[in-house]
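Notes follow once the structure below has been shown.
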Amino acid sequence: MKRLIVWIVLFSTLTARAEVRLPQLFQSGMVLQRNQEIPVWGKADAGEAVVVTLGKKQYATTAGADGRWRVDLPKMKAGGPYQLRVNDVVLDDVLVGDVWLCSGQSNIDVTIERVYPQYVDEIDNFEDNRIRMFRVQNETDTHGVRDDIRPTSINWKPLNKQNAWLFSAVGYFLGKRMLEKTGVPQGVIVNSWGGTPIEAWISADSLQQDFPHLVAKTQLYQSDDYVRAQQRANQLASQRWSELLDAKDPGISQRWTAPDFDDSGWPTVNQYANDWARRNNRGIVGSIWLRQHVTVDKRHAGQPARLLLGTLFDCDYTYVNGQEVGRTYYQYPPRRYDIPAGLLREGDNVITVRFINKYGTVHFIPEKPYLLAFGADRFSLNPMPADVIPLSTEWKQQLGTEMPSCPSADVSLQNLPTTLYNAVLHPLAPYALSGVVWYQGESNTGEPWTYETMLTKLIGNWRSLWQQPQLPFVVVQLANYMSPSDQPQNSSWARLREAQRLTARKLDGVELVSAIDLGETVDIHPLRKKEVAERIGLAFDRLVYHDKKVRLMPEVIGTAVNGASVVLTFDQPLRPGELHEFELAGADGRFVNATAVADKNTITVTSPIAAPRKVRHAWKDNPIKLNAYAESGLPVGPFELQLP
């Protein structure tokens, strides 16, 4: 009996050790890449036999001394669903089609929930099981590359409104567009992190030659004890700061959210002024309260509504008639708060906003909607709801409590060089892909002169990792943003866009997509993500499917100086007419505005100076008057060119 027990324990142990382990990317519902060899890999015990079965075909290998194994399945046509079996691990509902990797920072992160008001009907009424979504879980590593990513909440889920609600809007619309183009299954992998610089996504080896100081920067954080201590200190400081704020704020003890609170003695302020949020020319750190009285008629009383409060800086707690309807902890998300049925009453209603900020100046963002929306279309912003009560720009205002700045020893590991490459990029290879979307750059506008080198390294680094020298890349150029200017600017945003353009021009298998006319003056996260995805799709039509009929963004193919005029020749016909946002410079390098006219495939720029040496277009943070377009409808993107 004792021998039997020992044998059972030994057998169970061996069986447990013999389990094959697949990467997190390999899940039921996955999409495998068509028309390429399909790598399947993982870990097992050293020397263990591994049998991979896809459909009716089997392929065998043996785990190496380090326990790693890999099988490259032969090319397959689009189809499915199939069953993929690796020893005793069974994955069902596997499709074969096209797989796209979308990466970068927050404009890839922007979710369907955020852009939903722009595309209400389309999102409400579309779903397709042939499009599958995978979201890589955010993680960092300062020590070196990892073998696998963390488990994620979106594991190859089919595309529908519910599954996609917190998924990338660019990824959503790209998958939808490419399905419509090809008719084959689509897999969209999103691997992004808001606010991250490009160097976080590049390997240490790639950075070492030109940017050794960046590699050393990450090495400072290779002490896990130090990182944990800093993170804990930040957490305690923030917690203590918030406790003191709440204890000292009279708005809490005196119930300034109550609808019957008497605010008649509070001063009235305009939401777009900033004097009420500043003291001694500095933003007030702490809490500031605003109240607005809104009259609701009998027809709207008791009805569910949506409160639109534009975009606010930085943190807000918002109440209607004393009941909290929403809170947002940072500046970027639009404030769209649902008011339940029965809360609004006939006559006087009170909206109360408690601003909290640890730095800067609290403020309202202009050019955003501030209103109460009613009716079935209250969720839409395109078009705007028909039944609305606009809010006033005038509010009653009172200081809650002023606080010292919150101490911080920031440890944002995701912003350090190589940390994302190590933790979330390296583990994805060699999963077979159709192409990569790279939408990033906002966080590198402080040093745009290094970006061309960085982007060149990233593309080469990733292609080397995947062992695909021509892995298709689509680079999304930064959108227009910030205050427009009528005069030439020495814009770092324009300089970074030029770095993106030059990289795409010099590297094979890379296309540039411009969003220069899809941005917003007051929002670094513009909402027109479907249009961005459509342009990305066109670029992949050219790169991946070799569709020569596709017209991409117009490019200058020739320059000439004819006396006082500069003639630019483009690779395709343009919309005719007078154009804006062109500038010329002479030998002194000082740019001045110039008039321009498009005719067929040329633009003639009339020089206000003698002997122009350089020409540039849309060279501003926000070239809002841009109106140079191809006949196809794509904009002439930003550029700066030396003239002959």
Side-chain angles (χ1 to χ4, degrees), residues 24-39 54 73 75-82 84 91-104 108 110-112 115 119 122-123 125-136 152 154-192 428 431-439 466 468 471-474 476 511 513 529-547 550:
Q24 284 294 321
L25 273 173
F26 288 82
Q27 305 276 348
S28 291
M30 68 192 298
V31 180
L32 300 173
Q33 178 61 46
R34 63 170 170 157
N35 301 333
Q36 293 183 27
E37 288 190 344
I38 303 171
L54 182 60
L73 306 182
K75 299 177 183 179
M76 296 181 64
K77 294 181 179 180
Y82 299 103
L84 176 65
L91 307 181
D92 293 313
D93 192 25
V94 175
L95 302 179
V96 177
D98 290 331
V99 182
W100 314 99
L101 173 60
C102 299
S103 191
I108 283 287
V110 167
T111 62
I112 282 295
V115 306
Y119 313 102
E122 181 172 358
I123 294 170
N125 297 307
F126 181 81
E127 62 178 84
D128 200 304
N129 186 52
R130 293 172 294 174
I131 305 173
R132 307 289 173 82
M133 305 171 293
F134 189 100
R135 180 64 168 90
V136 177
T152 176
I154 299 183
N155 291 315
W156 294 115
K157 291 185 178 180
L159 188 146
N160 57 43
K161 179 181 176 182
Q162 179 180 355
N163 290 340
W165 195 241
L166 298 179
F167 192 71
S168 161
V170 169
Y172 172 101
F173 286 116
L174 178 63
K176 182 174 182 291
R177 191 267 181 198
M178 300 313 285
L179 176 66
E180 293 168 352
K181 167 74 178 182
T182 66
V184 307
Q186 300 292 310
V188 182
I189 302 170
V190 171
N191 186 19
S192 56
L428 301 185
Y431 199 89
L433 305 171
S434 268
V436 176
V437 179
W438 179 250
Y439 190 173
W466 260 267
Q468 293 186 41
L471 178 63
F473 266 77
V474 172
V476 181
E511 291 289 355
V513 164
K529 299 306 185 194
K530 179 182 179 181
E531 290 82 347
V532 172
E534 175 62 29
R535 294 177 183 182
I536 293 170
L538 286 171
F540 280 134
D541 289 348
R542 174 80 67 85
L543 280 174
V544 176
Y545 307 128
H546 309 293
D547 188 344
V550 171

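Note: hydrogens, waters and symmetry copies are ignored here, and every other heavy atom, side chains too, is used.
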Steps toward side chain to side chain contact (heavy atoms under 4.5 Å, CB included) verdict (Arg177, Leu538):
CA-CA 10 Å; Arg177 191 267 181 198; Leu538 286 171; 3.6 Å; yes

Residues forming a side-chain hydrogen bond (donor to acceptor under 3.5 Å, both in side chains) with [X], sequence neighbours excluded:
| X | answer |
| --- | --- |
| Glu531 | Tyr119 |
| Asp98 | Gln33, Arg34, Ser434, Tyr545 |
| Asp128 | Arg130 |

May I have the step-by-step check of side chain to side chain contact (heavy atoms under 4.5 Å, CB included) for Val436 and Gln468, ending in yes or no?
CA-CA 12 Å; Val436 176; Gln468 293 186 41; over 6 Å; no

Distance, nearest 0.5 Å, that separates [atom1] of [X] from [atom2] of [Y]:
| X | Y | atom1 | atom2 | value |
| --- | --- | --- | --- | --- |
| Leu95 | Tyr82 | CG | OH | 9.0 Å |
| Leu73 | Leu54 | CG | CG | 6.0 Å |
| Met76 | Asn35 | CE | CG | 10.5 Å |
| Trp438 | Leu101 | CH2 | CG | 9.5 Å |
| Glu534 | Leu174 | CD | CG | 10.0 Å |
| Asn155 | Leu25 | CG | CG | 9.5 Å |

Identify the two heavy atoms, one from [X] and one from [Y], that lie closest to each other, and give their separation to 0.1 Å.
| X | Y | answer |
| --- | --- | --- |
| Pro39 | Ala432 | CD-CB, 4.0 Å |
| Val190 | Ser168 | CG2-CB, 3.6 Å |
| Lys181 | Asp547 | NZ-OD2, 3.3 Å |
| Met178 | Gly537 | SD-CA, 3.7 Å |
| Gly97 | Val31 | N-CG1, 3.9 Å |
| Pro158 | Met133 | O-CE, 3.6 Å |

Within the distance-only criterion (no hydrogens, no angle test), does the side chain of [X] pair as donor or acceptor with the backbone N or O of [Y] below 3.5 angstrom?
| X | Y | result |
| --- | --- | --- |
| Ser103 | Asn191 | yes |
| Gln186 | Val184 | yes |
| Thr111 | Leu166 | no |
| Arg135 | Thr152 | no |

Would you mind reporting whether [Y] and [X] have side-chain heavy atoms less than 4.5 Å apart?
| X | Y | value |
| --- | --- | --- |
| Ile131 | Tyr172 | no |
| Met30 | Leu84 | yes |
| Val188 | Phe167 | yes |
| Ser28 | Asp93 | no |
| Asp541 | Val544 | no |
| Asn163 | Ile154 | no |
| Ile189 | Val136 | yes |

Check salt bridge (Lys or Arg N to Asp or Glu O under 4.0 Å) between Glu122 and all other residues, then give those that pass, not counting sequence neighbours.
Lys176, Lys530

Whether Trp156 and Phe134 hold their rings parallel, tilted or perpendicular, with breakpoints at 30° and 60°
tilted

Checking Phe473 against Leu543 for the side chain to side chain contact (heavy atoms under 4.5 Å, CB included) test, could you report, in this order, the C-alpha distance in whole Å, the side-chain angles of both residues, the deciding distance, and whether it holds?
CA-CA 8 Å; Phe473 266 77; Leu543 280 174; 5.9 Å; no

Ring pair (Phe, Tyr, Trp, His ring centres under 6.0 Å) partners of Phe540, counting only residues at least two apart
Trp100

Not counting sequence neighbours, which residues clear ring pair (Phe, Tyr, Trp, His ring centres under 6.0 Å) with Phe26? List them please.
Trp41, Tyr431

